[in-house]
Amino acid sequence: MSQSHQQPALAKCPGCEEPPAAGDLFCGVCGYDLSAVPARPDDRPTMAITVPPAAPAAGAAGAAGAVRWPAAEETDSSDVPAPVVRPADVPGTDSGGRPLTGPDAPDATPGRGAGSPAEPLPAGGPGAAAVRVRHDDRADPGGAEASGDFALAAPDPRAADHAAAPASGAKVCVACRSGRVDPDGYCENCGHAQPRERDHMEQELDAVAAVSDRGLRHHRNEDSFAVSSTALPDGSAAVVAIVCDGVSSASRPDEASAAAASAANEALLESLPRGTHPQTAMHEAIVAASEAVNALAREPAGAREHDAHRHQNAPACTLVGAIAAGGLLIVGWVGDSRVYWVPEDRTQPTARLTEDDSWAAQMVAAGLMNEAEAYADERAHAITGWLGADAYELEPHTAAFKPDRPGLVVVCTDGLWNYAESGEEMAAAVPADAGDQPLRAARALVGHALDGGGHDNVTVALLPFAVRPQGAGSACDTA
């Protein structure tokens with residue numbers, strides 16, 4: 001949609017959100033040029049695209065060799081509990097086209113998991129159906145000029161010595177990592193203005209850590225996360241990681257992701273101690289997150305005044321989460337944020353444990369394109385599932401795994417996996433000591449995305465998964 005380049009009256013500076021003085025051509029705080037409205041990012045509005053629906057995976061629950069686990073009290077969106085399998089037993093190939101289980105892996109369509117590949121469907125044929133998708137305003141990887149986003153300075157988390165704590169709790173500059181930050185928010189060494197609190201967030205618990213960063217192109221961080229731990233009725237620990245990615249082409253995406261992450265985390269902390277099956281708890285948490293995002297659309301118009309330059313689409317975000325409890329690894333998601341399994345022994349196969357709700361994934365599942373073709377298309381990142389009042393129908397996905405070896409669970413937004421898409425690429429980017437130092441490893445992964453261009457917000461949570469010895473052989477029973 002075209003947009004006038006004549007300067008309207010601005011209530012806040014687009015750069016720092018401070019109110020400019022009347023008649024100012026440049027912001028007195030950050031120097032932003034107020035003489036022209038910034039060009040819109042190279043996004044595409046929400047639109048309907050006719051694509052063949054994804055064919056259901058056949059026989060996934062009854063696959064030979066699958067590990068059985070007592071059924072959850074409720075089912076997922078496919079009306080059957082997801083099969084419990086070991087990550088090393090996941091058939092098919094990863095997004096790089098390489099087998100997940102070695103050269104003898106069963107033939108399967110990339111990204112489909114268990115089941116036979118669907119027969120190719122002709123585009124626009126009888127099997128085609130209108131599938132609603134939503135386009136995000138990701139910047140062109142070719143450069144910031146075409147994107148309209150601000151090319152802002154941001155730190156590379158790997159360049160700092162995070163082991164050295166600042167003296168007496170003083171803040172250290174995020175740019176030079178050596179100067180102290182004065183009370184006005186500027187570095188005493190290099191003069192760099194410090195980011196807003198949400199531009200870079202970190203949290204570490206005993207068994208999980210997460211880092212979220214604005215990246216190098218966006219003017220704010222529209223991702224959010226929540227990490228926590230609680231006790232199950234038997235006294236064992238349950239560890240939770242939730243990551244949400246706001247849809248930038250919607251209104252208030254930052255609020256949507258924060259509301260979803262908080263609601264999902266609170267729902268899990270309430271249901272898990274009661275003895276709710278973790279897979280059921282994850283399903284209920286996604287529903288609670290959806291209701292929290294829907295509630296934002298019902299707020300009065302005055303609540304949206306600060307975001308008037310955005311489309312008035314309903315607030316929206318994606319969600320992905322993981323629970324480690326009772327020897328199980330439960331994942332749940334809506335959208336295109338992902339969970340990866342990286343074994344502690346890097347000679348063992350890695351795996352992607354989620355399937356994207358995206359145009360590209362549907363084209364691959366329908367057999368119309370291979371992954372290389374689908375993800376090279378400009379429509380690749382159009383999401384077909386999200387949390388928001390304008391979503392057609394909420395379809396939470398859940399799956400249960402029972403690893404038989406220790407490893408690391410990587411929960412991330414596409415701001416990271418765009419730069420490490422396949423399981424092997426993600427494993428190569430994860431530091432070798434990630435299981436012992438998850439916070440340092442999460443910082444390194446954010447730095448990996450920034451080195452790759454940082455074209456989107458970047459959020460990653462790392463959850464080390466330990467397997468308790470259960471005698472010789474596998475830690476789980478096979479069918």
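Below, all heavy atoms of this structure are taken into account, side chains as well, without hydrogens, waters or symmetry copies. Numbers here are sequence positions counted from 1.
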Q: Begin from the C-alpha positions of Trp333 and Leu319 and carry the test side-chain contact (heavy atoms from CB on, under 4.5 Å) through to its verdict.
A: CA-CA 5 Å; Trp333 73 97; Leu319 181 147; 5.8 Å; no
Q) Once you round to the nearest 0.5 Å, how far does CD of Gln348 lie from CH2 of Trp341? A) 11.0 Å
Q.
Tell me if a side-chain donor or acceptor on Thr318 pairs with a main-chain N or O of Trp386 at a distance below 3.5 Å.
A. no
Q | Glu373 side chain vs Asn370 backbone, donor-acceptor pair below 3.5 Å | A | yes
Q: Can you tell me which residue pairs pass the ring-ring contact (aromatic ring centres under 6.0 Å, His included) test with a partner in residues 415-446, sequence neighbours excluded?
A: His381-Trp417
Q) So, Arg346 side chain and Ala427 main chain: donor-acceptor pair closer than 3.5 Å or not? A) yes
Q: Would you give the length of the straight line joining atom NE2 of His455 to atom NE2 of His218, rounded to the nearest 0.5 angstrom?
A: 9.5 Å
Q) Just wondering, do Asp356 and Arg338 contact through their side chains at under 4.5 Å, heavy atoms? A) yes
Q: Keeping the roles fixed (side chain from Asn221, backbone from Arg198), state whether a donor-acceptor pair exists under 3.5 Å.
A: yes
Q | Nearest atoms (heavy-atom pairs only) where Tyr340 meets Cys412 | A | CE1-SG, 4.1 Å
(Q) Can you tell me which residue among Val243, Leu329, Leu353 is in a side chain to side chain contact (heavy atoms under 4.5 Å, CB included) with Val339? (A) Leu353
Q | Separation between CG of Leu205 and OG of Ser229, rounded to the nearest 0.5 Å | A | 5.5 Å
Q: Start with the C-alpha distance between Arg352 and Met426, add both sets of side-chain angles, then the distance that settles side-chain contact (heavy atoms from CB on, under 4.5 Å), and finish with yes or no.
A: CA-CA 10 Å; Arg352 195 181 89 201; Met426 184 63 72; over 6 Å; no
Q: Hey, could you give me the CE/CD1 distance between Met282 and Ile242, rounded to the nearest 0.5 Å?
A: 4.5 Å
Q.
Could you go through Val458 and Val460, starting from their C-alpha distance and side-chain angles, then the distance that decides it, and tell me whether this counts as side-chain contact (heavy atoms from CB on, under 4.5 Å)?
A. CA-CA 7 Å; Val458 188; Val460 57; 5.6 Å; no
Q) What are the two closest heavy atoms between Thr350 and Gly423, and how far apart are they? A) OG1-C, 3.1 Å
Q. Please, which pairs that meet side chain to side chain donor-acceptor pair (under 3.5 Å) have at least one residue in residues 321-332, sequence neighbours excluded?
A. none
Q. What closest approach, in Å, do Ala260 and Cys317 show between heavy atoms, and which atom pair accounts for it?
A. CB-SG, 3.6 Å
Q: Report the C-alpha distance between Leu387 and Leu394 in whole Å, list the side-chain angles of each, state the deciding distance to 0.1 Å, and finish with yes or no for side-chain contact (heavy atoms from CB on, under 4.5 Å).
A: CA-CA 7 Å; Leu387 304 182; Leu394 177 63; 3.5 Å; yes
(Q) Can you confirm whether Leu462 sits close enough to Val410 that some side-chain heavy atom of one is under 4.5 Å from a side-chain heavy atom of the other? (A) yes
Q. Side-chain donor-acceptor pair under 3.5 Å between Asp223 and Ser212, yes or no?
A. no
**Q.** Shortest non-hydrogen contact from Val239 toward Ala207
**A.** CG2-CB, 3.9 Å
Q: Could you walk me through whether Asn265 and Ser228 pass the side-chain hydrogen bond (donor to acceptor under 3.5 Å, both in side chains) test, one step at a time?
A: CA-CA 7 Å; Asn265 185 59; Ser228 59; 2.6 Å; yes
Q | Separation between CD of Gln362 and OG1 of Thr384, rounded to the nearest 0.5 Å | A | 4.5 Å
Q. Can you check whether Asn457 reaches Thr413 side chain to side chain, under 4.5 Å on heavy atoms?
A. no
(Q) With heavy-atom distances below 4.5 Å as the criterion, would you say the side chains of Arg217 and Asp456 are in contact? (A) no
Q: Would you check if Asp377 and Met363 make a side-chain contact, meaning some heavy-atom pair closer than 4.5 Å?
A: no
Q.
Could you check whether any side-chain heavy atom of Val430 comes within less than 4.5 Å of a side-chain heavy atom of Leu445, counting everything from C-beta outward?
A. yes
Q. Closest heavy-atom contact between Asp345 and Thr347?
A. OD1-OG1, 2.7 Å
Q: Taking the side chain as every heavy atom from C-beta outward, state whether Met201 and Thr459 have any atom pair closer than 4.5 Å.
A: no
Q) Under 3.5 Å, side chain of Ser224 to main-chain N/O of Cys244, donor-acceptor pair present? A) no
Q. How far does CD1 of Ile383 sit from OG of Ser358, to the nearest 0.5 angstrom?
A. 9.0 Å
Q: Please report the C-alpha distance between His397 and Asp357 in whole Å, then the side-chain angles of each, then the deciding distance to 0.1 Å, and finally whether the side-chain hydrogen bond (donor to acceptor under 3.5 Å, both in side chains) criterion is met.
A: CA-CA 10 Å; His397 310 290; Asp357 288 324; 2.9 Å; yes
Q. Which atom names give the shortest non-hydrogen contact between Gln279 and Thr398, and what distance separates them?
A. NE2-OG1, 3.2 Å
Q. Is Pro253 close to Arg220 at the side-chain level, that is, under 4.5 Å between some pair of heavy atoms?
A. yes
